[in-house]
Amino acid sequence: MESVSIKNLDLKFGSVEVLKNLNLDVHQGEFIVLLGSSGCGKSTLLNCIAGLLDVSDGQIFINGNNVTWQEPSRRGIGMVFQSYALYPQMSVAGNLSFGLRNAGVAKAEIRKKVARAAEILQIEALLNRKPSELSGGQRQRVAIGRALVRDVDVFLFDEPLSNLDAKLRTELRVEIKRLHQQLKNTMIYVTHDQIEAMTLADRIAIMREGKIMQLASPTEIYGKPVNKYVADFIGSPAMNFLAGRIENGAFHFGGGVISLDKYDFAEGMAGDREAWIGIRPEHVIVAEGLSKADLTVKVRADIVEPMGADTLLWCVMDGQSFRIRLDGQFVIKEGDMIDVGFSSNAVSLFDKFSEILL
Amino acid sequence: MQNEFTGPRGPKPRSIFRLSNLIVYGTILLLAIYYLAPLYVMLVTSMKSMAEVRLSNVFALPIKVTFDPWFKAWSSACTGLKCEGLMGGFLNSLFITVPSVIVSIAVASVNGYALANWPYRGANIFFTILIFGAFVPYQLMLYPIVIILRELGVFGDLAGLVIVHSIFGMPILTLIFRNYFSSLPAELFKAARIDGAGFWGIFFKVMIPMSSPILVVAIILQVTGIWNDFLFGIVYTRPEAYPMTVQLNNIVNSTYGEKEYNVNMAATIITGLVPLTIYFISGKLFVRGIAAGAVKG
Ligand SMILES: Nc1ncnc2c1ncn2[C@@H]1O[C@H](COP(=O)(O)OP(=O)(O)OP(=O)(O)O)[C@@H](O)[C@H]1O
Ligand SMILES: [Mg+2]
């Protein structure tokens, strides 16, 4: 039985179709991250699962029950918002227990559950404070605690860490991961942050214009993006794309020819055609690795950006701006000429027109 | 040459007698005098005896302070044949204002909450009609309402006036509450729904506790508006149910005998005392509430 199952979901705001025939199956205890550009419908999908929006068509199942018409509070979900959404006039304890009080749970039971959630999230000392007396990180812990006390089956997170500063974000990210390992609940998590997505997810769903383009493990999304959009979206700095043509098992473009002997074509995709080659900045070969390259090109270092652990190099390839990620120890300065190489088992090829992976 | 020992250091000296200060404070002072002068005249006149009023300059301080005009205005000033002062009117106004304020705010806050957070079918049409209602001139509806009140059997009673005030306050109050509730973060409402609170649960446990600024605004608007009302008071009530404003008018315009300016002044101040007190108590809250309501449409 799937934990959350969405069948042919449509959602319209007036005449605007935001979600189109969307299908998604989430396994028990799985951590799913929804990733996509702004306005692609991530929050809308989450709101539909929570029951905060009426769907225009389709069905939603949670633990095998059809909850399409069910009230939010009876779906067994808890939700954490970017803006925390704590009740400002209630104390932390009041915020945590609000759901239980509405459900008519006995006082002793409430006290026990609140104490347990507070312990897990390390907010015991804050129980009597008002939300306005808490820091952002503490507020978000309380918001998570609000879902925790209700013993929900599914946690929904809508960009929970976006309002926090970088250091706190990393801290809470790890904490959410730990929480997931400890509770083993299903979690559906919306974010813009690739690092959050890659580190937290069992599977990532890349969304675009109300559809899921790819649903796969982080490694697979990174290594085998189904199309150019996904390839472009995942990875930082972004993948480089160069236009060219596949002919007789080699890719021809303005910078030269790459033999594709080692490229793992998808079933039936190997013919001659116009195509894009996608090369991740971190997969460009330099120095001693060059002997194994399928093509070596000499480029000029236009801009060098040292970032500590690694160095980002900007150059021009085939008339286009091209990014290369080097080890931080690599010695190079602006204006230097450098040999760079590509290996055909570390590139992706996409059809020029349909943009799907070859 | 200036160096670190002789050059400017610390806060820049500023004279309080700069031109810009003189202009700003001068203007404020002039406006204050302009508004306070009539109040001053009323206050001093109300504490003079009639003999002194006849002789002295209106701006002069009373030579012998007396509170007799105040007592007379309260309990024995004459309106036509009856000489019972403002006391009865004060009680009438109280019995009109208190229930009207409570009823109108109770209904309008629920209205505004429903419009902002529970978009039901036809909500937009309802809202449009309501807004339209806020701009229809009262005078148009004076007579139709007389008929309605008569049919309901409350014409001339305080109850009738309470109904009228509650209804007329509805459009603007609903608008204010709707805007305020719309300006609260939508996630709060969503979180409360997930926590299992229903329509009334969210209203009383989440929304109302966050609404004190806007409640203060609504109370002030309604108390002053209803207390100061004259037109509805004179049209929809019988003489024994007249509100204070109507009685004040009758005292001041009484053609019987000599015009007692000192009593008239005292009566006017007494009548204005309720709204004035409300302003003094809640001036700061009022401004804060207006600002809170204006943050987002
Ligand atoms: N209440 C609404 N009425 C009309 N359109 C809406 C409403 N809510 C969202 N939309 C539209 O639906 C689309 C998807 O919105 P949604 O909030 O789901 O995006 P998102 O993927 O969460 O974006 P972000 O990453 O910026 O949060 C957007 O184009 C938005 O303009
Ligand atoms: Mg969103």
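Given the structure is predicted, the values throughout are model-derived calculations rather than measurements. Only this structure's heavy atoms are used, side chains among them; waters, hydrogens and symmetry mates stay out. Chain identifiers are assigned alphabetically (A, B, ...) following the order of the sequence lines, protein sequences preceding nucleic acid strands; residue numbering begins at 1 within each chain.
Within 6.0 Å of the OH atom in B/Tyr120, the count of heavy atoms belonging to other residues, nucleotides or ligands exceeds 12. Annotation for A/Lys177: atom NZ counts as buried by contact number, over 12 foreign heavy atoms lying within 6.0 Å. Environment of CZ in A/Phe13: crowded, with over 12 heavy atoms of neighbouring residues, nucleotides or ligands closer than 6.0 Å. At most 12 non-hydrogen atoms from other residues, nucleotides or ligands lie less than 6.0 angstrom from CZ of B/Arg9. When the shell of 6.0 Å around CD of A/Glu119 is examined, it contains 12 or fewer heavy atoms from other residues, nucleotides or ligands. More than 12 heavy atoms of other residues, nucleotides or ligands lie within 6.0 Å of CZ in B/Phe199, so this atom counts as buried by the packing criterion. The neighbour count for A/Asn128 CG, taken as heavy atoms of other residues, nucleotides or ligands under 6.0 Å away, does not exceed 12. Annotation: B/Ile28, atom CD1; neighbour count of heavy atoms from other residues, nucleotides and ligands within 6.0 Å is above 12.
Heavy atoms closer than 4.5 Å to chain A are found in both the backbone and the side chain of B/Ala192. Contact annotation for A/Ile77: both backbone and side-chain heavy atoms come within less than 4.5 Å of a heavy atom of chain B.
Rounded to the nearest 0.5 Å, atoms CD (A/Gln89) and OG (B/Ser212) are 6.5 Å apart. A/Asp158 CG to B/Glu187 CD: the interatomic distance, rounded to the nearest 0.5 Å, is 8.0 Å. How far CG of B/Asp195 is from CZ of A/Arg101: 9.0 Å, rounded to the nearest 0.5 Å.
A 4.5 Å side-chain heavy-atom check between A/Phe98 and B/Val206 finds at least one atom pair inside the cut-off. A 4.5 Å side-chain heavy-atom check between B/Ile194 and A/Arg75 finds every atom pair outside the cut-off. Inter-residue side-chain proximity for B/Lys205 and A/Tyr87 is flagged as unmet; no heavy-atom pair is nearer than 4.5 Å. Within the 4.5 Å cutoff, the side chain of A/Met79 has no heavy atoms near those of the B/Lys190 side chain.
Ranked by heavy-atom pairs under 4.5 Å with chain B, the first of A/Ala143, A/Ala147, A/Ala103, A/Pro88 is A/Pro88. Contact tally against chain A (heavy-atom pairs below 4.5 Å) for B/Ala197, B/Gly201, B/Gly198: the top residue is B/Ala197.
The nearest pair of heavy atoms linking A/Ser73 to B/Gly196 is CB-CA, 3.2 Å.
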